Amino acid sequence: MNRDDEGTPASWEVFLRARRGLAHQHVGSVRAVGPDAALAVARDLYTRRGDPLSLWVVRSDAVHAASPDERDPYFAGARHKPYRYPEHFPPLTEKGPEGDHDQ
Amino acid sequence: MTAPTAVADGTGRAPGATEDELLAHFDALIAEGETIEPRDWMPDGYRRMLTRQIAQHAHSEIIGMQPEGAWLTRAPSLHRKSVLIAKVQDEAGHGLYLYSAAETLGVDRADLLDALHHGRQRASATFNHPALTWADTGAIAWLTDGAAVINQAPLCRTSYGPYARAMRRVCQEEAFHVRQGYDLMRALCEGTPEQKAMAQDAVDRWWLPAVALMFGPPDTEAGGSDARTAALGAAVSRRAMAWGIKRHTNDELRQRFVDTCVPQAERLGLTLPDPAIRWNEERGHYDFTPIDWDTYRTALGEDTHWARRRIDHRRAAHEDGAWVREAAAAYAAREEAAGSPAGAGTGVPRQAQEERA
Amino acid sequence: MTTTSETPVDVPGVPSAGADLATYLLRLGDDALVLGQRLCAWITRAPLIEEDLALSNIALDLVGHARTLLTLAGRLDGTGRTEDDLAFTRREREFTNALLTELPNGDFAVTVARQLVHTHYAALLYEALAGCPDPELAAFGARAAKEVAFHRLHADRWVRQLGLGTPESAHRMQQGLERVWPYTAELFDEDDVVRRLAAAGTVPSPAPLRPEWERRVTEVVTGAGLTVPTPSWQARGGRSGLHTEEFTDLVGELQSVHRQFPGGTW
């Protein structure tokens, strides 16, 4: 038997929404020969427990990404804009941060 | 093989950085307790050690399905049958999580399986013991899975991100394995005298494999009679700890395991087959017979009857299934040619692509 | 034995509705138990690790169905037997599964063919069961139908992949279909027990489900470039306890540990 005949099934990224109110979250990858097979494998592999609401699979090579090493154009902005974070401003009441939520 | 099997230049090096700068950055991340991600530069030794460890771990999950899997058709109640199916199924799942983590290091699962099938890589020798009775499925879950949990809990914080994430998933799921094993043994111990005798016999045979082989060779002076083995083990463990791959010595974890098991065995009314086990007030631990590693390892070399049977079983499944995998590949190629979003070709996990970018 | 003559009766000669229903549920329970047992034997031997996982998932669901169905059967037949009494202490001749479910695994294609036949049948039957008046049975039908729907996708996908894969896989898949097709008719048989229950509206008869089953499996099989077999013979007997010779081994293995420890608790 020649392993070359088998090829290697494509890789798919798996995203799971575990509960209402949550975004789909990346949970790992599977190998499968097509989208249906990928969904089935992902279902068997990542949803054996709990009752997840929804599952996505995306072919790994279809994911466009900006990588951490290309930090400058994509990611530099975040660190130098402290005013985007609540800690940059004083709390609304003397109780500190929790006081913000007092009605 | 069409998928790339290794990182082109062995590094995920950013242009312009020198080796020293890269190493300094890597060391700083480790020192800060940050995880290393696939795209990061890493020393070759780190990559090799991880690949070897994750692959062996994955192989152990897959080979470890066999001793219990053999009892799926004979489980004595439908409840136990369901539990055992769920457990063996988890092991297949854990194998897949781990192969997928290994793939982010630039190896291919097909190559890892090939290495297992042809003896270039191995699974834990623990599973080269036969499961001779139903009680063995309980002893394996209680003792070897119990040992695995103690080993694996610190790996949830191991320095390599994909491995740590896989291990968090494994640990979450494995909590039930040990409990159900203990529960199975408890039912036998509370059953007929014949059932209890079966439980004791299984513990007699699985105690040493768990205590010795699940934790690896002695790596401190406390661990064994053979100073050379211990020194060698200590060097490997020091390296792995410096890299944040492991967090505790083998002997420390082994002691933790013994301390956990002794009271459990007492509650079950079973005797652990080591006359030296007794509480040591001064150390605050149970004493036990040091592992005579060299003798044990020789007795369990890869040429034993059972080691061969495990690999033969695995290889037979793989070879018998070749036509199925070929068919799936041909089907995928055909769908792709027809324009559907099928899955032939060279895609690799996203994290691994990043590494290769 | 014939299942109807040995079940407890209210009026001499006429089985009670409870006994009929017990017989009906025992048949379904035995189907699930025996097929689950066959699938268990694949685990660690599947062509892909993903399939070890998939087949164990299906086996787990089937054993779950068997537990519910056997428990109900034991409660209704007046003997008070538990799921384990029924699974582990009956003799070969007392099992009433259809012969299809006990067919040996063969190669992966035979297993896929057996799955195709059974899951499409079970999906239709459980969907119908979900509409029956007994709330407990209806709830079981609804849950089981959902699980079986996923098993169906698994079987459909593999029939397609093997049928449209390589010449070897297409050949093997066709052989697999030929192997199991003579055992399909028994699934849809209607006897007095089923007729009485269906007439009273208690549970659905499988007989009227056959045309839809034919339509669905034909679509899958022809879509995979394969031919629906037209066997010249049909096997029957499982429902009345007349099994294949291989079945003795299956039951022997299933019950071995349980029988070795009389009075044991597990």
Side-chain angles (χ1 to χ4, degrees), chain B residues 58 61-63 65-66 68-86 88-93 95-96 99 109 113 133-135 184 187-188 190-192 194-195 198 313-314 316-335, chain C residues 33 36-57 59-60 63-64 66-67 70-71 82-84 86-88 107-109 112 158 160-170 172-173 250 253-266:
Chain B
E61 295 281 357
I62 299 303
I63 295 294
M65 294 166 69
Q66 287 182 29
E68 292 162 289
W71 290 89
L72 288 167
T73 52
R74 291 174 285 182
S77 77
L78 295 184
H79 167 65
R80 294 288 175 202
K81 192 191 276 290
S82 304
V83 170
L84 192 60
I85 297 171
V88 175
Q89 185 190 36
D90 273 350
E91 281 155 10
L96 290 179
Y99 283 126
R109 182 175 107 188
L113 281 175
T133 71
W134 167 251
L184 192 162
L188 295 177
E190 292 171 0
T192 63
E194 290 80 10
Q195 285 183 298
M198 173 165 66
H313 179 115
R314 173 66 219 146
H318 190 75
E319 286 171 4
D320 291 349
W323 69 272
V324 177
R325 296 189 302 276
E326 283 162 20
Y331 173 79
R334 176 193 178 117
E335 289 290 292
Chain C
L33 175 63
Q37 176 77 357
R38 281 289 186 225
L39 292 181
C40 279
W42 266 109
I43 301 168
T44 72
R45 293 181 177 83
L48 293 143
I49 299 167
E50 283 83 351
E51 279 305 301
D52 281 317
L53 209 65
L55 294 170
S56 48
N57 231 353
L60 194 55
V63 173
R67 295 181 66 186
L70 295 183
T71 300
T82 64
E83 58 182 55
D84 286 340
L86 287 167
F88 296 101
D107 67 6
F108 189 65
V112 167
W158 274 113
R160 195 171 163 78
Q161 286 180 177
L162 297 181
L164 300 174
T166 62
E168 182 188 3
S169 69
R172 286 190 192 233
M173 193 61 239
L250 181 146
E253 191 173 350
L254 173 74
Q255 300 180 341
S256 60
V257 176
H258 190 96
R259 285 187 183 277
Q260 276 171 23
F261 293 86
T265 48
W266 307 100

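Just so we're clear, the structure is a prediction, and the values are computed from it rather than from any experiment. Below, all heavy atoms of this structure are taken into account, side chains as well, without hydrogens, waters or symmetry copies. In what follows, every chain begins at residue 1, and chains take the letters A, B, ... in the order their sequences are listed.
Contact annotation for C:Leu250: neither backbone nor side-chain heavy atoms come within less than 4.5 Å of a heavy atom of chain B. With a 4.5 angstrom heavy-atom cutoff, C:Phe108 touches chain B via backbone and side-chain atoms both. At a 4.5 Å heavy-atom cutoff, the contact between B:Arg80 and chain C is made by side-chain atoms alone. With a 4.5 Å cut-off on non-hydrogen atoms, B:Ile63 does not touch chain C at all. For B:Leu78, the parts sitting under 4.5 Å from any heavy atom of chain C are the backbone and the side chain alike. Proximity to chain B is limited to the side chain of C:Ile43, based on heavy atoms less than 4.5 angstrom apart. With a 4.5 angstrom heavy-atom cutoff, B:Ser77 touches chain C via backbone and side-chain atoms both. For B:Ala75, the part lying under 4.5 angstrom from a heavy atom of chain C is the backbone only. Looking at C:Pro167, neither its backbone nor its side chain comes within 4.5 Å of chain B, counting heavy atoms on both sides. For C:Ala109, the parts lying under 4.5 angstrom from a heavy atom of chain B are both the backbone and the side chain. Using a 4.5 Å cut-off between heavy atoms, B:Leu84 does not touch chain C at all.
Under the 3.5 Å distance criterion, the side-chain polar atoms of B:Arg109 are left unmatched by any main-chain donor or acceptor of B:Leu96.
In this model, a donor atom of one side chain and an acceptor atom of the other lie less than 3.5 Å apart for C:Trp158 and C:Glu51.
Residues C:Leu86 and C:Leu33 are not in side-chain contact: their nearest non-hydrogen atoms beyond the backbone lie 4.5 Å or more apart. B:Val324 is not listed as a side-chain neighbour of C:Arg172, based on a closest heavy-atom distance of 4.5 Å or more. In this structure the side chain of C:Leu162 reaches within 4.5 angstrom of the side chain of B:Trp323, judged on heavy atoms.
Between C:Trp266 and C:His258, the ring planes lie tilted relative to each other; the angle falls in the 30° to 60° range.
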